[in-house]
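Notes follow once the structure below has been shown.
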Amino acid sequence: MMIKTEIKNIPLCFETAPGLFSPNSVDPGTLAMLSAVEFVREDRVLDLGCGYGPVGILAARLIGEEKVIMCDISDDAIQYAKRNAVRNGVGGVEIRKSDGLTGIAERDFTKILSNPPYHTDFSVAKHFIEDGYRRLAWGGLMVMVTKRRDWYKNKLAAVFGGVKILQADGYYVFLAEKREHNPSGKKKDGKTQKGLSKKLRRKYGE
């Protein structure tokens with residue numbers, strides 16, 4: 001199957017197959033997430049759970065393939081993402097098999113984007129959020145889209161210290177910034193700087 005579409009004025013073409021996520025058209029939640037984000041040349045982007053590749057390939061087209069990493073746990077998804085990267089002129093983009101962020105060592109991403117499997121329990125999303133926080137540069141942004149609101153709002157706020165929520169087409173888009181750390185633990189406005197709790201810092205050896 002082939003999907004021909006245009007996102008952010010970029011014409012794109014994706015080969016898909018039954019069994020992949022949203023094989024007949026680019027998922028509307030993914031489109032809602034992309035509508036909330038602007039990519040800039042200075043970005044370093046991780047497409048977390050890339051599927052057949054619309055998010056990471058779009059980012060690579062906009063800012064350069066060397067500034068994007070895509071990953072997925074599915075061998076089939078990786079195979080199709082690689083084909084689609086070549087098809088869309090960004091065959092040099094790095095695409096890795098990874099169970100969540102276990103295969104991602106980099107810690108300098110300015111944006112991590114994910115459409116997590118929210119129809120299951122929250123263990124996958126919990127890993128994405130906690131470990132994603134550690135992989136972001138200071139000032140970096142985690143962007144997630146789901147149809148569930150409260151759990152994601154509470155978890156992202158607990159880890160990042162705050163979260164912005166947008167609503168589009170029945171989906172919630174969450175934007176959480178990894179705020180600059182300072183030794184006093186205070187922001188310039190006097191509010192307490194939040195981040196990983198002591199328990200999570202122990203968990204991750206930080």
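At a threshold of 4.5 Å between side-chain heavy atoms, the hydrophobic network of Ile, Leu, Val, Met, Phe, Trp and Tyr places F109 and I63 in one connected group. No continuous path of ILVMFWY side-chain contacts below 4.5 Å connects I73 to V55, so the two sit in separate hydrophobic clusters. M1 and F21 are assigned to two separate hydrophobic clusters, defined by single-linkage of ILVMFWY side chains at heavy-atom distances under 4.5 Å.
Distance check: D72 CG to L20 CG gives 9.0 Å after rounding to the nearest 0.5 Å. Between atom CG of residue L46 and atom SG of residue C71 there is a gap of 5.0 Å, rounded to the nearest 0.5 Å. Of the inter-residue distances, the one linking R134 atom CZ with I104 atom CD1 reads 12.5 Å to the nearest 0.5 angstrom. M142 contributes atom CE, which lies 10.5 Å from atom CZ of R135 (distance to the nearest 0.5 angstrom). Of the inter-residue distances, the one linking T146 atom OG1 with Y172 atom OH reads 8.5 Å to the nearest 0.5 angstrom. Atom OH of Y152 and atom CZ of F128 lie 9.0 Å apart (nearest 0.5 Å).
Between E65 and K67 there is no salt bridge, since no side-chain N of the basic residue sits under 4.0 Å from a carboxylate O of the acidic one. We find that E66 and R41 are not joined by a salt bridge, their nearest charged nitrogen and carboxylate oxygen being 4.0 Å or further apart. Under a 4.0 Å N-O distance rule, the pair K164/E177 does not qualify as a salt bridge.
Proximity of a side-chain donor or acceptor of D169 to a complementary backbone N or O of Y171 within less than 3.5 Å is not detected. Of the possible donor and acceptor atoms, one in the side chain of N84 sits under 3.5 Å from a partner among the backbone N and O of Y80. Side chain of N88 to backbone of L12: no donor-acceptor contact under 3.5 angstrom is found. For the pair D47 (side chain) and G56 (backbone), a donor-acceptor distance under 3.5 Å is present. Of the possible donor and acceptor atoms, one in the side chain of T110 sits under 3.5 Å from a partner among the backbone N and O of R44. One N or O on the side chain of K178 and one on the backbone of Y133 form a donor-acceptor pair closer than 3.5 Å. Not a single donor-acceptor pair under 3.5 Å links the side chain of H127 to the backbone N or O of G100.
More than 12 heavy atoms of other residues, nucleotides or ligands shown are found within 6.0 angstrom of NZ on K8.
Closest approach of P116 to V145, counting heavy atoms only: CD-O, 3.4 Å.
The closest side-chain heavy-atom distance from L113 to M144 is not below 4.5 Å.
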From CA spacing to verdict: side-chain contact (heavy atoms from CB on, under 4.5 Å), N24, T16: CA-CA 8 Å; N24 299 314; T16 74; 5.8 Å; no
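Note on ring orientation: taking the six-membered ring where Trp is involved, the planes of Y52 and F14 are tilted (angle from 30° to 60°).
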